[in-house]
*Asks:* 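Can you read through this structure? Questions will come right after.
To find a chain, count down the sequence lines: A is the first, B the second, and so on, and within it residues start at 1.
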There are 2 protein chains.
Amino acid sequence: MTDRLSDVHESGMTERAVRTQGDILEVATAEFAANGYAGARVDEIAARTRTTKRMIYYYFGSKEGLYLAVLERVYAQIRSVERGIRIDELSPDEALRTLAEATYDHHTTHEAFIQLVSIENIHRAEHLRQSETILRENVTAITLLEEVIARGVAERIFRDDVDAVDVHMIISAYACFHVANRHTFSAIFDRDMLDPALQDRHRRLIGDMVIATMTDRRVR
Amino acid sequence: MTDRLSDVHESGMTERAVRTQGDILEVATAEFAANGYAGARVDEIAARTRTTKRMIYYYFGSKEGLYLAVLERVYAQIRSVERGIRIDELSPDEALRTLAEATYDHHTTHEAFIQLVSIENIHRAEHLRQSETILRENVTAITLLEEVIARGVAERIFRDDVDAVDVHMIISAYACFHVANRHTFSAIFDRDMLDPALQDRHRRLIGDMVIATMTDRRVR
DNA sequence: ACGAATGTGTACTAACTAGTACGTTCGAAC
DNA sequence: GTTCGAACGTACTAGTTAGTACACATTCGT
């Protein structure tokens, strides 16, 4: 149901049509991320595009259809980043740090993704749940983590009562927060979250945190 | 500027007026948290109140004024929770765990607060920045943390290159994520974030995490 | 008791916004 | 070069929504 419209157009689409759709998606991503679902204006998206509002409805059917397409696109992007991570030859703790830092890097460089996830959560993931693609494919990160944790536990350097989803949550929480709550955090604690030196320190800190947690002697 | 309207009414307000305003704020909190700023409907808030839309504008001036009042109220609530935490007699690591768990408990039981913070961040904290009260008073958590960290560092059990704001970020990130990203996380990883057993485990995990990070031998 | 301020309800409006009716152009196949 | 469908543009509408004009009630100090 989700992809019906775009599927129809995927075959027999001219070069120009592909560009137009991409153009719309690009602008729509920024608009939805910046203003929320209800706050986003279809007219505003159309105005910032080479094309017109008519085309948005032609290709995406409705505001909701457009939003869904935007959501699927940003999730597809993070998926492709995750697939590119190679950790086979690293020790469990180095692998953990690599995964944590990769997530941190992705999130800090893809603010729109984080904002869209926030927005989606405000709406109780009702749109995301409609997308079989996202639900089916977005567990890559977990597969990688499971393998690393299994190795770490086998080598008796990791605790065994924290699973892959927990670790993913720890990493995601930290990386998401840094971007998602940037503005309130900056305002209240008067700390520039975009300062490169600070970001560097926080990048190291997320690795420290995950490794320290998983290798903690106290809890075993 | 922010508080002008409510200040005017604070003196010489009837009992009934106080109740009406409280009623409006209660309903508005839920409506804004559930639908975002743009998605929230003033008519809907009015309908769910004992009173009418007229009164919302009478007391709060505008939709934005109402939203701001809502924001200040939820921030005042967390502030009062923070003021109630007693950690003077605890060891630094126990104190850290207590603070982390208190934050976790507050956030899991105040979903509206977390949602409003998310919403505020979508709008780049432009409303929050207008509220001197929030900016002035909401650093209580940091004061507590600073004291604990200073003690831990002095006792040579904590690392000294992570400051109070960093630790607050780690704790907040974890506690926020658990609530804020509950829906997308549940949907994708098919894990019920409201399961009491899981919440219990996660409550212990946040303490483990903070203590492990701060007492990590590797980094010193 | 009375006037003045505060508190309340109803009915309205002006502006906005998602979505559409209808017509046109472009490009490829025959 | 004609036909057919995909791609596109303009001008519009129906419904919604923040905000208000106006009338009325309640309370309280004097």
Side-chain angles (χ1 to χ4, degrees), chain A residues 4-28 30-32 34-71 119 123 126-127, chain B residues 4-28 30-32 34-71 119 123 126-127:
Chain A
R4 208 192 299 150
L5 265 167
S6 36
D7 281 350
V8 166
H9 295 289
E10 251 160 50
S11 53
M13 230 175 16
T14 53
E15 188 61 33
R16 190 175 159 79
V18 179
R19 271 225 342 270
T20 305
Q21 285 182 46
D23 192 14
I24 293 171
L25 283 174
E26 196 96 6
V27 176
E31 174 76 6
F32 280 118
N35 303 306
Y37 178 73
R41 297 286 164 246
V42 178
D43 281 302
E44 184 59 31
I45 296 170
R48 283 213 276 261
T49 308
R50 257 188 305 91
T51 185
T52 62
K53 184 162 64 155
R54 177 70 187 78
M55 294 317 294
I56 293 174
Y57 285 93
Y58 181 65
Y59 285 124
F60 303 100
S62 63
K63 183 181 181 177
E64 194 176 348
L66 176 59
Y67 175 76
L68 230 82
V70 163
L71 208 59
I119 291 163
H123 298 97
E126 58 188 41
H127 304 103
Chain B
R4 210 190 299 149
L5 266 168
S6 37
D7 281 350
V8 166
H9 294 287
E10 251 160 49
S11 52
M13 229 172 23
T14 48
E15 189 61 30
R16 190 174 160 82
V18 178
R19 273 222 344 266
T20 304
Q21 285 183 46
D23 192 15
I24 293 172
L25 283 173
E26 196 96 3
V27 175
E31 173 77 6
F32 279 118
N35 304 305
Y37 179 74
R41 299 286 164 248
V42 178
D43 280 302
E44 184 59 30
I45 295 170
R48 284 214 276 261
T49 307
R50 258 188 307 92
T51 185
T52 61
K53 184 161 66 154
R54 178 69 187 75
M55 294 316 296
I56 294 174
Y57 285 94
Y58 180 66
Y59 285 125
F60 303 100
S62 63
K63 183 181 182 178
E64 194 177 348
L66 176 59
Y67 174 77
L68 229 84
V70 163
L71 208 60
I119 291 163
H123 298 98
E126 60 189 37
H127 304 103

*Asks:* Among the candidates C:dG7, C:dG19, D:dA18, find the nucleotide nearest to the side-chain atoms of B:R41.
*Replies:* D:dA18

*Asks:* List in numerical order all residues of residues 43-51 of chain B for which some heavy atom is under 4.0 Å away from an atom belonging to DNA chain C.
*Replies:* B:T51

*Asks:* What about B:K53, does its side chain sit under 3.5 Å from the base of D:dG19 through a donor-acceptor pair?
*Replies:* yes

*Asks:* Atom NZ of A:K63 and atom OH of A:Y37: how far apart are they, to the nearest 0.5 Å?
*Replies:* 5.5 Å

*Asks:* What is the distance, to the nearest angstrom, from the CD1 atom on A:I56 to the P atom on D:dT10?
*Replies:* 14 Å

*Asks:* Picking from C:dG9, D:dC8, C:dG19, which would you name as closest to the side chain of A:T20?
*Replies:* D:dC8

*Asks:* Rounded to whole angstroms, how far apart are CE on A:M55 and C1' on C:dT25?
*Replies:* 12 Å

*Asks:* Can you check the A:E31 CD to C:dT17 P distance for me, whole Å?
*Replies:* 10 Å

*Asks:* Could you report the tightest heavy-atom contact between A:T51 and A:M55, atom names first, then the distance?
*Replies:* OG1-CG, 2.9 Å

*Asks:* Please tell me if A:Y59 has a side-chain N or O lying less than 4.0 Å from either OP1 or OP2 of D:dA6.
*Replies:* no

*Asks:* Which distance, rounded to the nearest 0.5 Å, do you find between the CZ of A:F32 and the CG of A:L25?
*Replies:* 10.0 Å

*Asks:* If you measure from the Lys or Arg side-chain nitrogens to the Asp or Glu carboxylate oxygens, is any gap between A:R48 and A:E31 under 4.0 Å?
*Replies:* yes

*Asks:* Could you tell me how far apart A:K63 (NZ) and C:dT20 (P) are, to the nearest whole angstrom?
*Replies:* 14 Å

*Asks:* Round to the nearest Å and state the distance from B:R19 atom CZ to D:dT27 atom C1'.
*Replies:* 16 Å

*Asks:* Quickly work out the A:I24 CD1 to D:dA7 C1' distance and round it to whole Å.
*Replies:* 11 Å

*Asks:* Would you say the side chain of A:L68 lies within less than 4.5 Å of the side chain of A:F60, judging by non-hydrogen atoms?
*Replies:* no

*Asks:* Tell me whether the side-chain N/O atoms of B:R54 come closer than 4.0 Å to OP1 or OP2 in C:dG9.
*Replies:* no

*Asks:* Taking the side chain from A:D23 and the backbone from A:R50, do they hold a donor-acceptor pair closer than 3.5 Å?
*Replies:* yes

*Asks:* Can you see if the side chain of A:S62 gets near the phosphate of C:dA18 - specifically, an N or O under 4.0 Å from OP1 or OP2?
*Replies:* no

*Asks:* If I take atom OH in residue A:Y58 and atom P in nucleotide C:dT25, what distance separates them, rounded to the nearest angstrom?
*Replies:* 17 Å

*Asks:* State, yes or no, whether a side-chain contact exists between A:L66 and A:Y57 at a heavy-atom distance under 4.5 Å.
*Replies:* no

*Asks:* Let me know the distance between OH of B:Y57 and P of C:dC12, rounded to the nearest Å.
*Replies:* 19 Å

